Amino acid sequence: MDPDMTTAVKSALTRAGACAVGIAEAKPVDDEAMATFDRWLAEGHEAGMAYMHNHREIRRDPRLLLEGAATVISMAFGYRTGRVRDPEMPHISAYALLPDYHDAIRKLIRESGIGEMLGEEHRNWRVCIDSAPVMERYWAVRSGIGIRGDNGSIIIPGHGCEVFLAEIVTTKRLRTDTPLPTDCGHCGACRAACPTGALDAEGTSDCRICISYLTIEHRGGWETPAQIAAMSTDAGKKTLFGCDRCVTACPHNRPDIHAKGMPRPSDAILTLTAGDILTLPPDRLSAKLKGSCLKRARTDGLRRNALNLGSL
């Protein structure tokens with residue numbers, strides 16, 4: 001264990017834009033956390049995300065991601081920039097206003113200089129940003145960077161839960177941090193803000209009725225009574241992509257603190273209308289969405305969402 005390297009790694013990632021960096025020993029996820037995850041799957045709350053059933057053993061033990069892994073470094077990057085869509089326009093989640101965060105965060109990490117300390121990437125360290133079966137929120141708590149909110153998000157003290165999470169699994173053994181000895185406060189604001197009652201008692205979401213899932217991950221039309229009811233709510237009929245209402249309602253958020261290092265929101269997405277999605281030729285729409293998280297919903301999904309707005 002090298003305490004000087006630990007300090008240097010944290011400092012480099014913080015300078016690169018992370019609002020919190022913490023370190024945990026790479027070892028199997030505890031039984032309680034895995035039981036919660038397994039229960040979520042057993043109850044069908046993953047909806048159509050069949051891939052969540054894959055690679056359970058890797059999800060349970062991050063050491064399987066990298067030979068000789070000893071440490072998990074957890075990071076949080078804020079995504080609030082001060083630029084927002086006109087509230088009269090169809091809703092797009094705040095994080096999706098920025099260019100795709102996967103590439104942006106990976107670039108920040110790689111350019112931070114940590115390679116000089118950790119060694120060769122892919123041999124001595126690996127970056128995970130929604131790109132590997134890692135229990136991100138579990139490791140964020142274990143590393144001491146935040147607490148789990150009732151909305152399922154990680155709350156970073158002094159910043160809030162409007163953050164992206166990322167991890168580095170490394171063979172270097174660094175000094176570990178201690179989980180924070182507190183909880184979110186259970187004020188109920190997130191549950192009250194959820195338009196469909198998708199939040200459950202364990203701080204997870206029932207994706208079958210979650211507007212975020214239904215407008216991004218779900219493929220095809222909304223066919224079940226529960227899906228139709230969710231997307232027929234006032235919030236559902238005003239949403240083009242995602243739903244961060246349970247996140248923005250959290251009183252721990254500090255909207256006056258803006259993201260460091262992240263790219264600015266795209267003007268094309270800030271001004272995107274349902275008409276653009278429904279009338280632009282495919283090549284022009286693709287150009288407008290270039291580099292955007294909105295491509296995750298695919299053109300058919302965005303058109304489905306846009307058509308739903310017409311029922312207002």
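Note that the numbering runs from 1 along the sequence shown for the chain. Source: prediction; values computed, not measured.
With T71 contributing its side chain and K172 its backbone, the two residues share a donor-acceptor pair below 3.5 Å. Within the 3.5 Å criterion, the main-chain N or O of E32 finds a donor-acceptor partner in the side chain of T36. Side chain of S153 to main chain of G149: no donor-acceptor pair is present (N/O by atom type, distance under 3.5 Å, no hydrogens or angles). Between the side chain of D150 and the backbone N or O of C190 there is no donor-acceptor pair closer than 3.5 Å. Remark: the backbone N or O of R264 is not paired with any side-chain donor or acceptor of R83 at under 3.5 angstrom. No donor-acceptor pair closer than 3.5 Å links the side chain of Y79 to the backbone N or O of A96. Not a single donor-acceptor pair under 3.5 Å links the side chain of R142 to the backbone N or O of E25. Remark: side-chain polar atoms of S266 are paired, donor with acceptor, to backbone N or O of A268 under 3.5 angstrom. With hydrogens and angles disregarded, no donor-acceptor distance shorter than 3.5 Å links the side chain of S286 to the backbone of D283.
The two residues A76 and L165 make their nearest non-hydrogen contact at CB-CD2, 4.1 Å. Taking every heavy atom of both residues into account, L272 and K288 meet most closely at CD1-CE, 3.6 Å. Here the shortest heavy-atom pairing between R148 and G203 reads NH2-O, 3.1 Å.
A heavy-atom distance below 4.5 Å is not found between the side chains of M135 and V141. Between W222 and R304 the shortest side-chain heavy-atom distance falls below 4.5 Å. M89 places a side-chain heavy atom less than 4.5 Å from the side chain of T273. H218 places none of its side-chain heavy atoms less than 4.5 Å from the side chain of C207. When side chains are defined from C-beta on, T81 does not count as touching L97, because their heavy atoms never get closer than 4.5 Å. Looking only at side-chain heavy atoms (C-beta outward), R208 and T224 stay at 4.5 Å or farther from each other. L199 has its side chain within reach of S205: a pair of non-hydrogen atoms, C-beta onward, lies under 4.5 Å apart. Side-chain contact between E121 and V127 is present, with heavy atoms from C-beta onward closer than 4.5 Å.
The side-chain contact (heavy atoms from CB on, under 4.5 Å) test with M75 is passed by exactly one of L108, I168, I145: I168.
At a threshold of 4.0 Å, the pair R106-D100 does not count as salt-bridged, since none of the basic side-chain nitrogens sits closer than that to a carboxylate oxygen. Salt-bridge check for E217 with R296: passed, with a basic side-chain N closer than 4.0 Å to an acidic carboxylate O. Using a 4.0 Å cut-off between a side-chain N of Lys or Arg and a carboxylate O of Asp or Glu, R63 and D61 qualify as a salt bridge. Salt bridge present: D177 and K10 bring a charged side-chain N and a carboxylate O closer than 4.0 Å.
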Point to revise | Stepwise side chain to side chain donor-acceptor pair (under 3.5 Å) test for T7 and D4 | key: CA-CA 5 Å; T7 300; D4 292 337; 5.6 Å; no

Donor-acceptor pairs under 3.5 angstrom involving side-chain atoms of residues 241-253: please list them, not counting sequence neighbours.
residue : atom : partner : partner atom : Å
D244    : OD1  : H91     : NE2          : 3.1
D244    : OD2  : A94     : N            : 2.7
R245    : NH1  : T239    : OG1          : 3.3
R245    : NH2  : T239    : OG1          : 3.0
T248    : OG1  : D244    : O            : 3.3
T248    : OG1  : R245    : O            : 3.3
H252    : NE2  : C184    : O            : 2.7
N253    : OD1  : C161    : N            : 2.8
N253    : ND2  : V247    : O            : 2.8
N253    : ND2  : C250    : O            : 3.3

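Legend: ring pair (Phe, Tyr, Trp, His ring centres under 6.0 Å) pairs involving residues 280-301, not counting sequence neighbours: none detected. Sorted by first and then second residue, the ring pair (Phe, Tyr, Trp, His ring centres under 6.0 Å) pairs involving residues 99-146 (not counting sequence neighbours) are Y101-F164.
Counted within 6.0 Å of CZ on R110, heavy atoms from surrounding residues, nucleotides or ligands total more than 12; the atom is thus considered enclosed.
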